[in-house]
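Because the structure is predicted, anything quoted here is derived from the model rather than measured. Every chain is numbered from 1, with letters handed out A, B, ... down the list of sequences.
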There are 2 protein chains.
Amino acid sequence: MKDVAQHAGVSTATVSRVLNGHAAPTPETRERVLAAIEELGYRPNALARSLRTTSTQTLGLVISDLLNPFFAEIARAVEDEARSHGYCVVIGNADESAEQEATYVRTLLDRRVDGLLLCPATDDPSLVREVSAGGVPLVLLDRTVRGATCPVVRADGSEALTALARRLVGAGHTRIGVIAGPPNTSTGRERTDVLTAALGGVAQVVHGDFRQESGSQAAAKLIDDGATALVVMDNLMGLGALGEIRARGLQIPHDIALAVFDDQPWFPLLDPPITVIAQPTVEMGRAAARSLLALINGQQPDDVRLTAKLVLRGSCGEAEL
Amino acid sequence: MKDVAQHAGVSTATVSRVLNGHAAPTPETRERVLAAIEELGYRPNALARSLRTTSTQTLGLVISDLLNPFFAEIARAVEDEARSHGYCVVIGNADESAEQEATYVRTLLDRRVDGLLLCPATDDPSLVREVSAGGVPLVLLDRTVRGATCPVVRADGSEALTALARRLVGAGHTRIGVIAGPPNTSTGRERTDVLTAALGGVAQVVHGDFRQESGSQAAAKLIDDGATALVVMDNLMGLGALGEIRARGLQIPHDIALAVFDDQPWFPLLDPPITVIAQPTVEMGRAAARSLLALINGQQPDDVRLTAKLVLRGSCGEAEL
DNA sequence: GATCCATGTGTAATCGATTAACTACGCCCT
DNA sequence: AGGGCGTAGTTAATCGATTACACATGGATC
């Protein structure tokens with residue numbers, strides 16, 4: 001920057017003013033400075049700028065698993081929304097591990113992100129408290145924690161789950177296997193509670209860990225126990241369950257019915273296409289980014305609760321009803 | 001930091017030494033400092049540190065599309081490898097747009113990443129030159145550019161493509177549709193060249209843009225033109241092609257054979273399972289990160305060329321051979 | 001012509017760390 | 001006792017920007 005100033009025959013203050021579009025500099029000074037910048041190929045050092053202004057124009061996003069298309073879509077939406085407001089997004093991968101999540105959150109705070117978007121791996125509120133104590137704007141996404149004091153953005157699947165339960169019971173299923181998320185995540189618990197309540201006792205629940213492998217294992221156990229329908233609470237576990245069903249040569253929906261929480265672009269391609277509860281991922285990501293930006297600007301955004309929708313495609317024997 | 005120093009009755013220099021594990025401080029001084037840090041909940045400001053040391057311990061990764069599981073896997077692998085060496089990764093989404101790619105690259109350079117991993121959207125070398133001119137370590141991933149002067153990490157699909165071509169021709173296909181990537185990407189061109197050469201004239205090529213929608217359109221066109229086999233050069237376009245095939249009620253492989261470049265976890269679940277050319281994505285990501293770290297440490301890593309493998313599953317009528 | 005204001009630019013402090021150069025304090029040896 | 005030396009710790013410069021404040025210039029006003 002000093003070089004630019006010298007080249008243009010002005011002080012660094014003036015260069016800075018030109019850079020930041022301040023009113024002061026004369027059009028001709030501005031021209032000279034811009035020419036010098038161009039000539040020297042100067043690019044301002046964002047670190048120094050941030051150090052001085054205490055603003056990085058950066059949002060942190062900590063998710064549980066980038067390989068889960070659900071989170072990838074959310075990440076993408078967050079990024080789009082953030083960019084359109086001049087912010088960058090740094091993504092951290094917690095790998096469904098609370099420890100790694102904490103490490104990432106701290107790293108992001110050390111780098112002074114202007115705000116943090118978090119999909120908590122567990123419902124333990126201590127990390128959230130730590131962030132809040134540091135005074136960093138925070139929004140929870142998809143999942144919440146016990147006694148959360150910050151805005152939360154999530155999808156409500158209660159209606160869809162209830163409708164699904166009604167349909168399964170109506171179709172005569174009396175042994176319905178539920179492959180749930182970990183009981184220490186809010187989504188894992190809530191979805192399961194709603195569904196089992198709606199199923200009224202014919203449900204058998206096995207908890208997985210939101211990963212493919214646990215989906216296969218849970219499916220194997222439930223099928224062994226005589227389940228005639230499977231409801232899977234996450235798309236990766238759904239993939240695992242599907243694999244197990246195929247491996248056993250079972251026909252959907254004749255031998256076993258299947259429904260999955262989270263839609264995927266390839267679900268319609270299966271035979272039969274998979275019935276799902278689709279979450280508005282893009283809208284969730286965008287809403288979360290918007291809430292966080294509002295928080296950063298000193299506003300107090302409300303919680304956002306979007307609605308997940310039941311999409312019937314055939315894998316629950318819809319045609320037979 | 002000043003507060004910590006005061007609290008512990010030492011100077012900031014000493015605090016800094018404790019933080020960075022320098023030899024100097026006495027065990028008891030160290031204790032006092034650590035206690036003060038703990039008590040005040042002090043966390044060092046990474047911006048200030050980086051400004052002084054000109055090292056951010058951060059790698060930039062610019063990819064074309066986070067929603068493409070191929071890139072998501074690569075991103076994940078890069079991140080793992082980087083983290084195990086104490087580096088963070090900032091991911092930028094270029095959305096297959098050269099313009100956005102450039103914007104992201106510049107943003108990352110402004111933030112002084114220690115090195116850059118780039119999957120170039122086009123084979124235009126100007127952006128690469130710009131980065132190199134800035135003296136920032138750079139490694140290309142998956143795709144290369146014309147006259148690249150930096151290390152490149154990619155997968156070689158020539159053998160697999162040739163084997164696939166032999167098999168298709170051997171099965172009697174005389175009208176083989178190729179859904180290729182954009183001709184201005186190295187992977188788009190190279191894969192297509194190898195395949196058409198091996199097919200020896202029975203190929204009809206349509207270029208897509210590595211997105212699902214373009215896959216459907218290309219498939220529609222090729223099927224209309226009487227293709228009895230489709231080779232798709234990317235998994236997202238493969239998804240589109242599959243959709244089109246299903247929409248027309250065609251049976252794989254009886255009515256049309258299909259093979260896709262890039263494996264996906266759900267390909268084996270289709271009926272019949274899809275034959276693919278699988279790229280070693282994880283190894284690519286790790287190798288790229290390793291090369292970049294080597295470059296940062298002043299070494300001169302070689303190009304890495306991994307091998308993509310043909311995985312026969314049935315969608316090309318393998319059983320009938 | 002002196003006074004005052006507006007306007008454009010420069011000077012220097014500052015953000016929060018790192019680190020070279022220096023000081024102070026013992027300890028040992030002759 | 002005094003000189004030399006190693007060690008623990010301090011002082012202050014520095015990284016590259018922003019910005020409050022000071023200053024200079026020129027035109028308007030009386």
Report summary line: Here the gap from B/Arg49 atom CZ to B/Ser55 atom OG, rounded to the nearest 0.5 Å, amounts to 9.0 Å
Query raised in the report: Do A/Ser126 and A/Asp124 get their side chains close enough for a donor-acceptor pair, meaning under 3.5 Å?
Result: yes
**Report entry** Donor-acceptor side-chain pairing of A/Asp114 and A/Thr56 below 3.5 angstrom
**Finding:** yes
Requested in this report: Identify, residue by residue, the members of residues 43-54 of chain A with a heavy atom below 4.0 Å from DNA chain C, and return them in order of residue number, or none.
Outcome: A/Leu51, A/Arg52
Report summary line: Rounded to the nearest 0.5 angstrom, the OH-CG distance for A/Tyr87 and A/Leu293 is 6.0 Å
**Report entry** Spacing of B/Asp156 atom CG and B/Glu190 atom CD [to the nearest 0.5 Å]
**Finding:** 8.5 Å
Query raised in the report: How many angstroms lie between atom CD of A/Glu283 and atom CD of A/Glu81, to the nearest 0.5 angstrom?
Result: 8.0 Å
Query - Check: A/Thr187 main-chain N/O paired with A/Arg143 side-chain donor or acceptor under 3.5 Å - result: no
Report task. Give me the first and last nucleotide of DNA chain D, going 5' to 3', that has any atom under 4.0 Å from a heavy atom of chain B. Result -> D/dA8 to D/dG16
Report task. Please lay out, stage by stage, how B/Leu140 and B/Cys150 fare under the test side-chain contact (heavy atoms from CB on, under 4.5 Å). Result -> CA-CA 7 Å; B/Leu140 298 183; B/Cys150 54; 3.6 Å; yes
**Report entry** Within residues 6-18 of chain B, residues whose heavy atoms come under 4.0 Å of DNA chain C
**Finding:** B/Ala13, B/Ser16, B/Arg17
Query - Distance-only donor-acceptor check, side chains B/Asp262 and B/Asn68, under 3.5 Å - result: no
Query raised in the report: What's the CD-C1' distance between A/Glu28 and C/dT7, to the nearest Å?
Result: 13 Å
**Report entry** Rounded distance [0.5 Å steps], CG in A/Leu108 versus CG in A/Leu117
**Finding:** 11.0 Å
